[in-house]
Amino acid sequence: MNKVVILAGGQGKRMKADMPKPLFKVLGEPMLEWVISACEESGLSDICVVKGFMGDMIDEYLGGRYQTVLQAERLGTGHAVMQAVPFLENDTDGHTLVLCGDAPFIDPTAVSEALVIHKQQNNAVTVITAELDNPFGYGRIIRSATGISGIVEQKDASDEQKAIREVNSGAYWFKTADLIDLLGKLQCNNAQKEYYLTDTVSIAIAEGKNAGAYKSENPDIIKGANDRKDLLELNTYARMAVINKHLENGVEFTCLDGVTIERSVEIGVGSEILAGTILRNGTVIGKGSKIGPNCIIDNCKIGDEVTLNNVQAYDSSIDAGVKIGPWVHIRPGSHIKSGVKIGDFVEIKNSTIGEQTAVAHLTYVGDSDVGRKVNFGCGTVTVNYDGIVKSRCTIGDNCFIGCNTNLVAPVKLGKAVYTAAGTTITKDVPDYALAIDRGVLKINEGYSLRKLKSKLDK
Ligand code: UD1
Ligand code: CA
């Protein structure tokens, strides 16, 4: 079976952070995740990640999804792959893809097409290359009549070699058995005193084996990040690639300021995304919806013809025709059913809101099951937490909740219950009843005249 070794041992000193470089995020996902997903899309699942600097964080991130091996000392890319030899030795019949964990845009097409050439040419190693306008810093590809004869690193290159624009992407296919053999022959007699994986090319050729190169049409597969500026560039590049895909699918954007859409997001045709909108984590939006300005929508399912204006919503479903905003927080576990209207300064948490219910302003609904066509007066609060446990409120269809009602959970309102303004509900109310909780209103006439006396304007 074909295998993958992903090199993720680098520290990325210039990032200035206590974190392995491959865990820095591009569009909300670690670079390592982009690389892994390119493998998965190419049908490769036998993956070993070589960790080094703060390697525990890599294990923690992967959560056992793939195996890892530790490179305790950082002695070069060849040395990094050597650590994976026990993984390679499990099955030496197939081919092994080596990738860099900090080059997120490796392309599944390049991976599969390179493998085809690798097999056709019967190569021990096939390097994935690309041509760059500015090849500085990369290993240069030395071509020969039959294929390639070697890779020369920037620090070891002559002036003539430095002029070569075809560079090593850092991704390669090897015959697994040849890779194990070639790793054993690497030496570190170069400018950086490292075991260069790139030397496998010249060693293979010296042994009479074939080495080749697959040149990708897409130079972006090489893009990596050495510092925060590079990381911002990768984010900008990925962000525009995603937005362009949605533009092609018929999504409307009139201003991209502050718009960030992760690649896992789906948006239906005719929807409009306004400025300041961040869509994350597999959010799905239906057709003809209008999202923004200034929304964060994280792991939500949004129906057709929904309007969200200045809304933050997390781990929730919002059905067709709902209008929410401005300034609303939908917290995890909520289901807002079709035709609901939610207005300014409302928070909904872990609650179901039935069809066509209105929660117009200044209201908190937490841990509640609300029926259809309920009207919430301004300032309603579900009192769902007593300091120890959280309890639920149930509100029947067609209830009319007066302004400033407190519902002390657990409590249940039947169908079409009225609550009078300012009422605190502490026990269940049956269908069709009015609940009213008021002291006797006293009016003390002339009170302020007596109290303030000379302070009052005459
Ligand atoms: C390497 C290639 C170069 C290529 C470039 C593409 C070598 C000698 N050179 O250069 O030809 O153009 O990648 O980006 O291979 N890593 C480890 N352990 C180590 C060293 C590196 O895990 O001891 C990992 C890094 O985390 C990174 C990858 O290997 O993911 C590449 O390492 P890096 O130092 O960036 O290689 P370059 O010198 O840039
Ligand atoms: Ca590099």
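Judged by the 6.0 Å and 45° rule, Lys223 forms a cation-pi pair with Tyr237. Geometric assessment of Lys3 against the ring of Phe87 yields a positive cation-pi assignment under the 6.0 Å and 45° thresholds.
Put simply, the side chain of Thr380 never gets that close to the backbone of Cys378: no donor and acceptor are under 3.5 Å apart. At distances below 3.5 Å, at least one donor-acceptor pair connects side-chain atoms of Thr357 with backbone N or O atoms of Gly371.
Residues Glu305 and Lys287 are not paired through a salt bridge, judged by the lack of any N-O separation under 4.0 Å between the basic side chain and the carboxylate. Salt-bridge formation is detected for the pair Lys185/Glu207: a Lys NZ or Arg NE/NH1/NH2 atom is positioned less than 4.0 Å from an Asp or Glu carboxylate oxygen. Using a 4.0 Å cut-off between charged nitrogen and carboxylate oxygen, Asp367 and Lys390 do not count as a salt-bridge pair. Salt-bridge check for Glu160 with Arg140: failed, with every basic side-chain N at 4.0 Å or more from each acidic carboxylate O.
Looking only at atom types and distance, the side chain of Glu194 has no donor-acceptor partner in the side chain of His79 under 3.5 Å away. Side chains of Ser202 and Asp199: a donor-acceptor N/O pair is absent below 3.5 angstrom, by distance only. Between the side chains of Tyr196 and Asp156, a donor-acceptor pair is found at a separation under 3.5 Å. Between the side chains of Thr176 and Thr92, no donor-acceptor pair is found at a separation under 3.5 Å. Using a 3.5 Å distance cut-off with no hydrogens or angles, the side chains of Asn122 and Lys175 do pair a donor with an acceptor. Checking Tyr214 against Glu113 by side-chain atom types alone, a donor-acceptor pair falls below 3.5 Å.
If you take CG on Asn210 and CD1 on Ile148, they are separated by 11.0 Å, rounding to the nearest 0.5 Å.
When all heavy atoms of Met82 and Pro86 are compared, the pair lying nearest together is O-CD, 4.4 Å. Nearest heavy-atom pair, Leu44 versus Leu97, reported as atom, atom and distance to 0.1 Å: CD1-CD2, 3.7 Å.
You'll find the ring centres of Phe136 and Tyr138 outside the 6.0 Å limit.
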